[in-house]
Amino acid sequence: MRILDFGSLNIDYVYQVDHMVRPGETLAAGRRDVFPGGKGLNQAVACARAGAEVWQAGMVGPEGDLLLDVCKKAGVNTDLVARTDVATGHTVIQVDRGGQNCILLYGGANRQIDEAYADDVLAHFSPGDYVILQNEISCLPHIVDEAARRGLKVILNPSPYNDALDAVDMSKVSLFLLNEVEGAQVSGGSTDPDEILARLGEKYPDSAVVLTLGSAGSRYQKGAERHEQGIYHVKAVDTTAAGDTFTGYFVWAMSVGKPVPEALDLAARASAIAVTRAGAVPSIPTMDEVLAAKL
Ligand code: RIB
């Protein structure tokens with residue numbers, strides 16, 4: 001069983017700000033850092049740092065070497081990543097004094113993915129392998145269809161949530177990992193976690209769901225099976241990639257057959273550590289760090 005992360009690779013330009021810039025306002029940033037990121041790359045690195053053998057697929061532009069180097073250093077196989085002349089995806093991220101962020105995303109090379117490339121990538125994988133997807137690349141509906149047709153387990157983090165997801169056949173998703181905002185959007189409006197889970201359970205009865213709820217922790221549901229996990233309290237420096245860290249650790253734990261409560265706990269520990277550190281990829285802990293942390 002192998003794990004393929006088919007997703008975005010971004011260069012994150014991260015600005016420390018007193019508050020999020022308001023409409024019409026010009027705001028001086030305290031500092032700027034440039035970090036590797038992208039939900040796809042972050043989740044692949046989190047899987048690898050948890051201990052998985054993981055492949056990254058996606059596209060980068062001429063300035064994408066930095067991202068490939070980061071993957072390789074983390075132990076993520078990049079043989080399937082393709083090149084294009086279009087600029088590498090990037091973001092402008094504001095991080096305020098409380099560690100909260102807001103993200104402006106330019107898709108760039110991530111939006112050049114087409115059916116031919118997707119088919120070529122997926123042909124390397126076999127029934128039972130996992131594919132982790134997010135919503136920062138083009139061709140997502142086709143990738144879901146083709147991955148399911150080939151017997152891969154489709155794991156979807158429907159983030160960022162937008163209309164492009166309407167074309168995805170969500171009934172082919174084995175595991176959803178989503179936060180309460182995305183949960184409300186996927187399930188049709190309610191912000192109540194019980195209602196979100198009930199609605200998702202009705203719509204996708206064969207799928208497992210992990211719903212993350214910020215300070216209220218996370219919940220798992222598959223059929224009648226239910227689990228809850230609290231958070232570890234830490235001082236937040238930067239929440240960027242905390243959700244990606246949770247996803248990578250949870251998927252790794254599932255892939256090696258850990259019981260769900262243990263998988264949720266490991267994911268909560270790893271994401272708690274991630275919020276104490278700046279940046280996306282640099283914030284993702286290794287399994288040794290997760291196991292050693294006094295949380
Ligand atoms: O989830 C965090 C990520 O979202 C950042 O690394 C940024 O690139 C955006 O994709």
Side-chain angles (χ1 to χ4, degrees), residues 1-12 35-61 64-83 88-91 105 107-110 113 117-118 120-122 124-125 129-140 143-144 147 152-160 174-175 177 210 240-256 263 266-267 270-271 273-274 277 279-287 289-290:
M1 195 282 303
R2 295 176 302 163
I3 299 176
L4 165 66
D5 182 281
F6 203 148
S8 56
L9 301 101
N10 294 332
I11 299 172
D12 291 341
F35 292 120
K39 293 186 195 304
L41 188 157
N42 298 340
Q43 292 177 19
V45 168
C47 274
R49 290 190 179 156
E53 197 174 1
V54 54
W55 277 254
Q56 176 73 41
M59 285 201 186
V60 293
D65 286 337
L66 145 83
L67 302 177
L68 300 187
D69 290 348
V70 163
C71 285
K72 286 177 197 151
K73 269 195 200 129
V76 176
N77 186 309
T78 58
D79 292 352
L80 299 173
V81 176
R83 294 277 191 171
T88 299
H90 75 257
T91 62
L105 171 67
N110 297 307
I113 292 166
Y117 169 68
D120 191 37
V121 166
L122 292 168
H124 289 83
F125 294 87
D129 288 344
Y130 285 27
V131 58
I132 309 176
L133 302 165
Q134 314 79 24
N135 187 29
E136 289 189 338
I137 57 171
S138 52
C139 207
L140 190 62
I143 295 170
V144 170
L152 277 69
K153 279 191 197 318
V154 178
I155 298 166
L156 179 64
N157 168 219
S159 178
S174 300
L175 168 64
L177 290 119
V210 174
T240 310
D244 298 330
T245 303
F246 189 104
T247 295
Y249 267 78
F250 186 83
V251 171
W252 167 79
M254 290 287 91
S255 75
V256 296
L266 274 171
S271 59
I273 295 170
R277 301 171 176 176
V281 167
S283 74
I284 301 169
T286 61
M287 182 60 89
E289 290 174 315
V290 171

Expected output: side-chain Asn42 to main-chain Thr245 donor-acceptor under 3.5 Å: no
How close do Val154 and Ala147 get, heavy atom to heavy atom, and via which atoms? CG2-CB, 4.0 Å
For the pair Phe125 and Leu80, evaluate side chain to side chain contact (heavy atoms under 4.5 Å, CB included) and give the outcome as yes or no after the intermediate values. CA-CA 12 Å; Phe125 294 87; Leu80 299 173; 3.6 Å; yes
If you take all heavy atoms of Met1 and Ser255, which pair is closest and at what distance? CE-CB, 3.2 Å
Taking C-beta and beyond as the side chain, do Leu4 and Val121 meet within less than 4.5 Å on heavy atoms? yes
Using side-chain heavy atoms (C-beta onward) and a distance below 4.5 Å, is Tyr130 in contact with Val251? yes
Does Asp244 reach the main-chain N or O of Gln43 with its side chain, forming a donor-acceptor pair under 3.5 Å? no
Are Ile143 and Ile113 close enough that some pair of their side-chain heavy atoms sits under 4.5 Å apart? yes
I need the Leu133 CG to Asn135 CG distance, nearest 0.5 Å. 10.0 Å
Got Thr78 and Lys72 here, is their nearest side-chain heavy-atom distance under 4.5 Å? yes
Return the minimal non-hydrogen interatomic distance between Ala74 and Ala48, and the atom names on each side. O-CB, 3.3 Å
Parallel, tilted or perpendicular: which one describes the rings of Trp252 and Tyr249, with boundaries at 30° and 60°? perpendicular
Using only heavy-atom distances, determine whether the side chains of Glu53 and Asn77 contain a donor-acceptor pair under 3.5 Å. no
How far does CZ of Phe246 sit from CG of Leu266, to the nearest 0.5 angstrom? 10.0 Å
Check whether any side-chain heavy atom of Lys39 lies under 4.5 Å from a side-chain heavy atom of Ser8, and answer yes or no. yes
Could you measure the distance from the CG atom of Asp12 to the OG1 atom of Thr91? Nearest 0.5 Å is fine. 3.5 Å
Would you name the heavy atoms of Lys153 and Ser174 that are closest together and state the gap between them? CA-OG, 3.9 Å
To the nearest 0.5 Å, what is the distance between OH on Tyr117 and OG on Ser138? 10.5 Å
Is there side-chain contact between Asp5 and Cys47, with at least one heavy-atom pair below 4.5 Å? no
Residues Ile273 and Val290: closest non-hydrogen pair is CD1-CA, 3.8 Å
Residues at least two apart in sequence or cross-chain that pass salt bridge (Lys or Arg N to Asp or Glu O under 4.0 Å) with Glu289, listed by chain then number, are Arg277
Between Ile11 and Leu67, is any pair of side-chain heavy atoms under 4.5 Å apart? yes
If you measure from CG on Asn110 to NE2 on His90, what distance do you get to the nearest 0.5 Å? 11.0 Å
Least distance between heavy atoms, Arg83 atom then Leu68 atom: NH2-CD1, 3.7 Å
In the structure I gave you, are the side-chain heavy atoms of Cys71 and Leu9 within less than 4.5 Å of one another anywhere? yes
Check: Asn157 side chain, Gln134 main-chain N or O, donor-acceptor pair, under 3.5 Å: no
Spatial distance of atom CG (Asn10) from atom CD (Glu136) [nearest 0.5 Å]: 5.5 Å
